[in-house]
2 protein chains.
Amino acid sequence: MPVVRQSKAVNEPPAQNTKSPFPDAAQRKAAREAKREAVLLAAVRMFNERGFHATSLDDVALSLGVSKPTIYHYLGNKDQVLLECVSIGLAQLQQAVEEARARPGAGIDRLRYFLERYAQVNMDDFGRCVIRTGEELLVPASAASFRAKKREIDDALRSLIDEGVADGTITAPDPRLLAFTLAGALNWPARWFDPAGPMTREEAAHGMVDVLLHGFAPRS
Amino acid sequence: MPVVRQSKAVNEPPAQNTKSPFPDAAQRKAAREAKREAVLLAAVRMFNERGFHATSLDDVALSLGVSKPTIYHYLGNKDQVLLECVSIGLAQLQQAVEEARARPGAGIDRLRYFLERYAQVNMDDFGRCVIRTGEELLVPASAASFRAKKREIDDALRSLIDEGVADGTITAPDPRLLAFTLAGALNWPARWFDPAGPMTREEAAHGMVDVLLHGFAPRS
DNA sequence: AATGCAATCTACTCGCGAGTAGATTTTTGC
DNA sequence: GCAAAAATCTACTCGCGAGTAGATTGCATT
């Protein structure tokens, strides 16, 4: 047996700092994933800017310098592209929920933290897409999954409110209506926020939550 | 000359309480207008429910028991149908502006009145359509007109806030951000409000504005 | 009675864009 | 080296829905 061949199995592979033109399996998988994500990012930006129906997959492909079947290769059909985009946004929101849950402090503090993160996600590409995507755009099966995930976020918001009411740090005559009001205020930046404008996402989120916390009537 | 014929010109026309099968010119015009409005109402409801692109004019026509060219006869093309729908909603909002302006009282009271009316409009067929219609759905010329009218409403909201700040009845570190936050909260019912649900429009509007006035932090 | 206008229909055209077939080239695993 | 799999292209099909042509009917005005 050729000893040299065997040594390949027991030695560490040589460090690959300089990327070789012969990528290994892990690298190839990563490259594929990177392409997939590039397609999603290009798509979500065009969806947000021009609307889902006004964006053809040919447009998306062209903006990436590839042809339409390439998109089908990575993502299936147009519905799946959209579903994937909103799923990414929803995952970001879900993460905000978990961070808020894991937080120490009174109900109002955890709610405040969640609301700011929620607003920030809604000013980003994928979060915007969650807000702007009506259920009528998806095929029924995808729409059901979309609705279910949104429902989870909403329930989490509802429980954060309830906890605050329970520990006396939140005033809410009608928690359900409060949840809708907060969500609406913090969803709306998906339409108006401009990253090139005068405020950062963080400033905008912070300022909006301040308004919601204290209202616009003078403190008595 | 037959006297009876001449008398027609000088006498009042006989009262037409019972509608005759021979309508006069005014009645015909009114009937035409009624049909036009029926088309708009059917269209806006379908647009709100299923989305603009997912609603074909054949669908709208079918729901009224007529054929598609009839819609073209009354309203021109699909863009004009949509533009007309949003214009009706915007006119309702404009009226809310004027009512609020004409109101006596301090800045905060006039703002509050406006906000409630604004929310109520957004829970109605045409107001919903204003919120749900993105500019990308309209042909560029219509989009410009749409944007301009929305801008007017927004400016009016901004001045109401400014007046309240000036007379000391409103607290707003950043009036622009306050305006966006209020608008967002009160636009959102266009998505969630269900007339068949537990609250009336008035109750929902009142409750939301209460939240916005006082915030959810306990009064100090 | 004649002409014209209003209202409505049936039966088309036509373009756009989603989705696919199938060929071609590159990569890779053995 | 070679067969299989991955990546990508060109060049289609096909259905849907916006918009139109042109006929028909009926009422209205003179």
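Below, read A as the first sequence line, B as the second, and so on, with proteins coming before strands; counting in each chain starts at 1.
Note: CG (A:Leu82) to P (C:dA18) measures 12 Å, nearest angstrom. For A:Asn77 and D:dC14, the CG to P distance is 19 Å, given to the nearest whole Å. Counting to the nearest Å, the P atom of D:dA6 and the OH atom of A:Tyr72 are 21 Å from each other. Computed from coordinates, the A:Ile71 CD1 to D:dC9 C1' distance equals 14 Å when rounded to whole Å. The nearest whole Å value for the distance from the CG atom in B:Asp79 to the C1' atom in D:dG17 is 14 Å. Going from atom NZ of B:Lys35 over to atom P of C:dA6 covers 13 Å, rounded to whole Å.
Within the structure, every side-chain polar atom (N or O) of A:Lys68 is placed at least 4.0 Å from both OP1 and OP2 of D:dA11. Under 4.0 angstrom from either OP1 or OP2 of C:dA6 there lies no side-chain N or O belonging to B:Arg32.
Here B:Asp210 pairs with B:Arg112 in a salt bridge; the nearest charged N to carboxylate O distance falls below 4.0 Å.
Ranking C:dT20, C:dA18, D:dA7 by closeness to the A:Lys78 side chain, first place goes to C:dA18. Of all nucleotides listed (D:dC9, C:dA7, D:dA21), D:dA21 comes nearest to the side chain of B:Pro69. Residue A:His73 has its side chain nearest to D:dT8 when only D:dC9, D:dT8, C:dT10 are considered.
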Derivation of the side chain to side chain contact (heavy atoms under 4.5 Å, CB included) call for B:Met199 and A:Asp174: CA-CA 12 Å; B:Met199 311 174 107; A:Asp174 184 341; 3.6 Å; yes
Stepwise side chain to side chain donor-acceptor pair (under 3.5 Å) test for A:Glu84 and A:Gln80: CA-CA 6 Å; A:Glu84 191 67 16; A:Gln80 289 174 52; over 6 Å; no
Chi angles and distances behind the side chain to side chain contact (heavy atoms under 4.5 Å, CB included) call for A:Phe126, A:Leu90: CA-CA 8 Å; A:Phe126 293 101; A:Leu90 285 163; over 6 Å; no
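Under the 3.5 Å distance criterion, the side-chain polar atoms of B:Arg128 are left unmatched by any main-chain donor or acceptor of B:Arg191. Within the 3.5 Å criterion, the main-chain N or O of B:Thr55 finds no donor-acceptor partner in the side chain of B:Asp59.
In the region residues 36-59 of chain B, proximity to DNA chain D at under 4.0 angstrom, judged on heavy atoms, holds for B:Thr55, B:Ser56, B:Leu57.
The aromatic rings of A:Phe180 and B:Trp192 lie parallel to each other, their planes meeting at an angle below 30°, with 60° marking the opposite boundary.
Using a 4.0 Å heavy-atom distance criterion, A:Tyr74 is classed as a sugar-phosphate-only contact.
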